[in-house]
Amino acid sequence: MDVMPLAHFEVDVPIRSTGQPGLRGVHVFTGPADSRSAAVRIAHEVYDAARAAQQAGGEIPRGRPDGWTARGYRPGWELDWTAATAGRWNNPYSWARVSDLEL
C-alpha cells in the first residue's frame, strides 16, 4: 500500500507589537499537513506550547514527531490567528516549485 507524503504548508500569522504601536509583521510556520486548516491548527499548537514553556521558565520544545516546531517566542507580540493564512510551501532553494492550484 502506497502512502502519499503530506504536503508542506507555510502558515503566515500577522503579528503586532504590544509595546510599540504601529509595529507589525508576520510570524511564519512551516510543516506537513493534510489541509490548510490542519496546518493553521498545528501551527497554533506549537506556538501555544512554545509560549507555555517560555512562561514557565523552560526551554521551547525543539520539535514534534510530525516535523512542526516553533523556533522562538517573542514576548510583547500578539499573533492574530483569525487572520492567519496557509498555503503550499515552496522551498526557495528548490528547482521544483509547486502551485497552490495543485492543492
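Along the sequence shown, the residues carry numbers beginning at 1. Just so you know, these numbers use all the heavy atoms, side chains as well, and skip hydrogens, waters and symmetry mates.
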Considering all heavy atoms, the nearest [X]-[Y] contact:
{"X": "A50", "Y": "P61", "result": "CA-CD, 4.2 Å"}
{"X": "A70", "Y": "I60", "result": "O-CG2, 3.2 Å"}
{"X": "R36", "Y": "A86", "result": "NE-O, 2.9 Å"}

(message) Within a 6.0 Å radius of atom CZ on R71, are there more than 12 heavy atoms belonging to other residues, nucleotides or ligands?
(response) no
(message) Surrounding CD of Q55 (heavy atoms of other residues, nucleotides or ligands, distance under 6.0 Å), is the total greater than 12?
(response) yes
Could you tell me the separation between the [atom1] atom of [X] and the [atom2] atom of [Y], rounded to the nearest 0.5 Å?
{"X": "E78", "Y": "R16", "atom1": "CD", "atom2": "CZ", "answer": "4.0 Å"}
{"X": "L79", "Y": "I15", "atom1": "CG", "atom2": "CD1", "answer": "6.0 Å"}
{"X": "R74", "Y": "Q54", "atom1": "CZ", "atom2": "CD", "answer": "12.5 Å"}
{"X": "R41", "Y": "W81", "atom1": "CZ", "atom2": "CH2", "answer": "12.0 Å"}

(message) I'd like to know whether the aromatic ring centres of F29 and F9 sit less than 6.0 Å apart in this structure.
(response) no
I want to check something: taking the side chain as every heavy atom from C-beta on, are [X] and [Y] in contact at a cut-off of under 4.5 Å?
{"X": "I42", "Y": "D66", "result": "yes"}
{"X": "V46", "Y": "T69", "result": "no"}
{"X": "D48", "Y": "Y73", "result": "no"}

(message) For the backbone of L23 and the side chain of S17, can you confirm whether one donor and one acceptor N or O come within less than 3.5 Å of each other?
(response) no
(message) Whether E10 and R88 form a salt bridge (side-chain N of Lys/Arg under 4.0 Å from carboxylate O of Asp/Glu) is what I want to check.
(response) no
(request) For side-chain contact (heavy atoms from CB on, under 4.5 Å), just list the numbers for V13 and Y47, CA-CA rounded to whole Å, side-chain angles, deciding distance to a tenth of an Å, and then say yes or no. (result) CA-CA 11 Å; V13 186; Y47 175 79; over 6 Å; no
